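Quantities reported herein were computed from a predicted structural model and do not represent experimental measurements. Quick note on labels: first sequence line is chain A, next is B, and so on, each numbered from 1.
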Amino acid sequence: MSSWPSNPKYISGSVKRVDAPAKVTGRARYASDIQAPGWLYGMILRSKWPSAKILSVNLDKALKVPGIKAAVAVRDAPFNVRFYGEEIAAVAGTSKQACLDALRAIEVKADVSKDFVVHESDAIKEDSPRVWEDSANAGAPRAHNKGDAESAFSECAAVIEGFYTTPVLIHNPMETHGSTVSWTDEGVTSWASTQGISSVQDGLAGALQLDRSRVRVLTDFMGGGFGSKFGPGAEGVLAARLSQQAKAPVRLMLTRFDQNLAVGNRPSSFQKIKMGATSDGKLHAFQIENYGTAGIGAGGDSGGGGGGANIPSPYLYKVPNYRVSQTSVAVNAGSSRAFRAPGHPPASYGMECAMDDLAVKLGMDPLEFRLLNDSSEIRQREYKTGAEKFGWKEKYQKPGSSPGVIKTGIGCAGAAWPGGRGASYTTGEAQINPDGSVEFRLGVQDIGTGTKTVIAVVAAEMLGLTPEQITVKVGDTNFPPGPGSGGSTTCPSVSPVVYDICANALQQLQAKSGLPDARGDNWFPACKKLGVTPLKVSGQWQEGLASGPAYGVQFAEVDVDTETGLVTAKKIVAVHDCGLIIDRLTLASTINGGVIMGMGYALYEERVMDSLSGVVLNPNFETYKVSGISDMPDIEVVLINMPERGVVGIGEPATVPTAGAIANAVANAIGVRVYSLPITPAKVLAALGKVPAPVPS
Amino acid sequence: MKKPEEEKFGIVSRREFIKGLGVTAISTVAAQTAAVAQELEKANAEKVIGPGAVPVTLSVNGQNLQLQLEPRVTLLDALRNYSSLTGAKEGCDRAACGACTVLMDGRPIYSCQKLAIEAQGHQITTVEGLAANGNLSPVQQAFIDKDALQCGYCTPGFIMSVTALLQKNPRPTLAETKHACSGNLCRCGTQPHILQAVFQAAGVSMADKTEVIKHV
């Protein structure tokens with residue numbers, strides 16, 4: 001078993017992001033910046049109906065628009081569309097303006113007499129219109145049980161019941177989905193904004209019926225994905241078909257509207273929870289009935305990273321008696337995709353709110369109640385460390401006892417993430433040149449978490465060089481393959497591979513140069529002995545250098561204005577176990593990002609559907625509110641360095657507990673529970689009895 | 001407390017303009033609408049350009065860009081798709097995200113909301129124009145030092161907003177900094193590090209918010 005160096009120079013330090021200079025100067029070329037010679041602009045025509053049978057798509061007039069070089073329908077009519085925003089056709093031309101004109105010139109005939117349903121609470125009813133003709137909207141509930149929940153409730157000293165709900169969220173990465181695709185006789189090249197170059201390669205090869213070796217995917221820089229950018233998508237395939245027809249490269253990036261309609265979302269959850277504890281404060285009985293929607297994709301269990309609506313339950317806690325029943329409900333809306341820690345943020349929210357509500361009923365401090373019921377040693381330690389940093393004991397007051405109009409409250413919540421240990425199939429290579437320069441090549445991509453920096457840090461450490469002396473190349477399917485950037489796997493996937501490449505390189509250099517140790521000062525003399533032939537070394541993932549699962553806890557302090565209902569997050573303390581920290585600077589960025597996204601889930605974000613027209617009412621940044629810089633709380637990140645665990649991924653656990661912690665802080669401040677995310681001013685005022693409850697949409 | 005200075009729109013402030021429009025004034029204006037439209041049409045008759053492409057000269061980062069553009073092409077579109085200056089990013093194309101922020105005569109603007117033909121005769125600065133002779137600006141350097149970026153797609157927009165802020169106000173408060181960056185969105189969640197970077201660039205030190213605890 002391999003092990004990491006014990007007194008590292010760069011590992012666990014604060015190395016600046018190696019591609020930051022390119023990003024701050026505008027030199028970095030993102031997928032949407034690619035200007036291939038002779039490139040054309042591409043755009044998509046989308047359904048304006050939530051459900052329709054497309055009878056014909058006539059592209060003749062569009063093809064006559066000046067500047068238009070290609071136009072394709074997604075498939076031969078007739079075909080069905082099942083949500084507002086589904087792809088119908090696409091055009092490519094010499095300018096965006098030409099494409100806009102051409103989209104207007106496409107003639108679509110459709111039978112729009114079909115009924116539709118866009119809200120899961122309607123879709124779950126027996127007499128609801130069907131999204132798919134041949135199957136009911138709601139699948140048979142999935143059940144899993146332990147002990148005898150029914151009779152266990154009668155043995156409890158306190159029982160709470162609550163209906164905790166979470167909305168559909170949109171990923172909204174700053175760079176929309178899309179790519180530039182060039183399809184020539186040699187094959188297909190796709191410069192894609194993706195978090196999975198290999199999965200885009202597979203997807204394009206499959207859709208275009210090409211040999212995988214004839215599809216090359218390149219991603220130097222990409223502008224965020226959060227789980228929504230693994231495959232080529234309909235837009236990637238359409239770009240390829242347009243390129244084939246136009247005999248020119250086509251850049252097809254989605255508009256922000258497109259992005260909000262058709263390329264994924266986090267499923268909703270409607271969690272009816274009943275939970276009880278014995279008089280000594282031990283959880284004894286638990287019951288949940290949950291449903292949520294994954295759009296037209298009914299989806300399955302999403303605990304491991306899929307896109308379905310089911311959630312892991314009873315989540316972090318070992319309850320001796322439980323009954324879990326949940327189902328995914330199809331509606332006429334875009335299909336869900338993996339969204340940062342699939343299943344876990346809603347699971348944490350529902351369970352952690354129920355924990356606080358039960359603690360209140362038992363008359364216990366919610367933190368003490370957790371310490372009594374959470375069997376994870378690591379989380380126990382995180383809770384204790386975090387409570388001290390946060391000042392939990394000094395700050396905790398009984399719910400609703402904060403004086404004045406603006407009430408302060410605190411809350412906490414925990415996270416788990418089963419992944420994090422990396423993909424054992426990851427490979428990589430390095431080319432070492434006689435002049436001592438060295439280039440690492442891995443078929444992964446940097447989604448913004450700092451993958452290139454991680455590779456440089458590990459390589460510099462192992463070879464005794466500086467990170468600046470390491471050239472890192474990723475984002476090319478011609479390199480040895482690695483996993484997609486998802487599930488907190490990239491850092492623990494690439495770090496062991498780079499370790500192995502370096503170990504192999506040093507061994508071979510030693511043999512070729514005769515020098516006993518090729519590291520540090522000996523590096524350049526050793527490389528010189530290579531003569532004229534560069535040394536190519538490959539490496540594999542190694543057991544013992546990375547592990548999982550990941551844990552984490554967060555504490556939140558909020559102000560709630562009881563006159564306006566406005567919630568302000570004041571402070572978040574995020575405590576996470578990181579195994580061996582590779583780069584402290586980029587790690588802190590990832591955790592900040594998780595917290596801020598979690599805050600958006602708690603307070604601001606929600607896709608709003610209109611049941612009469614079936615459209616998404618807020619498909620842009622003016623109406624879909626993400627956290628802005630003025631909303632920022634004071635975020636303190638506490639990293640527990642555990643080198644003995646090896647590298648552990650952090651992207652998912654960082655966002656899991658935030659919403660639960662904030663929701664609990666709000667309940668602690670005002671003394672009543674707001675049962676539904678996002679916690680808007682209207683819902684706060686309704687919970688306080690100052691305004692009528694909002695009519696559920 | 002001193003009243004904030006009212007923002008001027010041209011020569012009259014918005015308040016003065018609205019004050020000047022009494023009810024009578026508005027009804028008079030309504031009655032005159034047709035006449036005004038006719039006048040405008042006459043006045044603009046010689047100036048109508050497009051809809052086809054017309055020559056457009058933009059002064060970007062101190063250099064002239066000679067382009068042929070339809071009048072409906074935005075400044076952002078002109079930069080990204082008719083020149084190789086792709087530093088300004090398109091995030092929404094409707095004045096909601098700030099990724100396209102550039103400076104026009106030193107003021108930050110959303111380049112997606114400015115027609116290229118309107119930007120003629122103004123000095124445009126994009127993120128590519130900040131590093132003089134390859135030396136990064138203090139703002140760019142601070143973004144690197146504080147890791148004020150993740151995927152980096154919003155970064156050029158933030159850097160332009162911060163550059164404009166510090167030119168006008170070299171020692172901004174936290175509230176002023178947040179206000180200046182309120183028109184820029186970041187989805188990765190780099191805002192805490194951006195605030196740290198602004199303070200570094202302004203020469204003010206800010207406490208590190210990250211702590212590492214060794215496991216025993």
J.: Inspect the contact between B:Arg187 and A:Glu605 and indicate whether a charged nitrogen and a carboxylate oxygen are less than 4.0 angstrom apart.
T.: yes
J.: Do B:Glu211 and A:Lys389 sit within salt-bridge range, that is, some charged N less than 4.0 Å from a carboxylate O?
T.: yes
J.: Go through the steps to decide whether B:Val212 and A:Ile581 satisfy the test side chain to side chain contact (heavy atoms under 4.5 Å, CB included), and finish with yes or no.
T.: CA-CA 9 Å; B:Val212 179; A:Ile581 296 170; 3.8 Å; yes
J.: Does any heavy atom of chain A fall under 4.5 Å from the side chain of B:Leu136, the backbone, both, or neither of them?
T.: side chain
J.: So for B:Val73, is it side chain, backbone, both, or neither that comes closer than 4.5 Å to the heavy atoms of chain A?
T.: both
J.: Hey, are B:Lys178 and A:Asp631 close enough for a salt bridge, meaning a charged N less than 4.0 Å from a carboxylate O?
T.: no
J.: Check each atom of B:Asp77 against the heavy atoms of chain A and say whether the ones under 4.5 Å are side chain, backbone, both or neither.
T.: side chain
J.: Which answer fits B:Leu174, side chain, backbone, both or neither, if we ask what part of it has an atom under 4.5 Å from a heavy atom of chain A?
T.: neither
J.: For the CD atom on B:Gln68, are there more than 12 heavy atoms of other groups (residues, nucleotides or ligands in this structure) within a distance under 6.0 Å?
T.: yes
J.: CD1 of A:Ile629 to OG1 of B:Thr190: how many Å apart, nearest 0.5 Å?
T.: 7.5 Å
J.: Taking atom types as modelled and ignoring hydrogens, do the side chains of B:His179 and A:Ser630 form a donor-acceptor contact shorter than 3.5 angstrom?
T.: no
J.: Counting heavy-atom pairs under 4.5 Å to chain A, which of B:Arg72, B:Gln141, B:Glu70 comes out on top?
T.: B:Arg72
J.: Could you check whether A:Lys16 pairs with B:Asp145 (Lys NZ or Arg NE/NH1/NH2 to Asp/Glu carboxylate O, under 4.0 Å)?
T.: yes
J.: Out of B:Gly152, B:Gly87, B:Gly183, B:Ser182, which one racks up the most heavy-atom pairs below 4.5 Å with chain A?
T.: B:Gly152
J.: Less than 4.5 Å to any heavy atom of chain B: does that hold for the side chain of A:Glu622, its backbone, both, or neither?
T.: both
J.: Is the shortest side-chain N to carboxylate O distance from A:Glu175 to B:Lys89 below 4.0 Å?
T.: no
J.: How would you list, in number order, the residues of residues 24-33 of chain A that have a heavy atom less than 4.5 Å from chain B?
T.: A:Val24, A:Thr25, A:Gly26, A:Ala28, A:Arg29, A:Tyr30, A:Ser32, A:Asp33
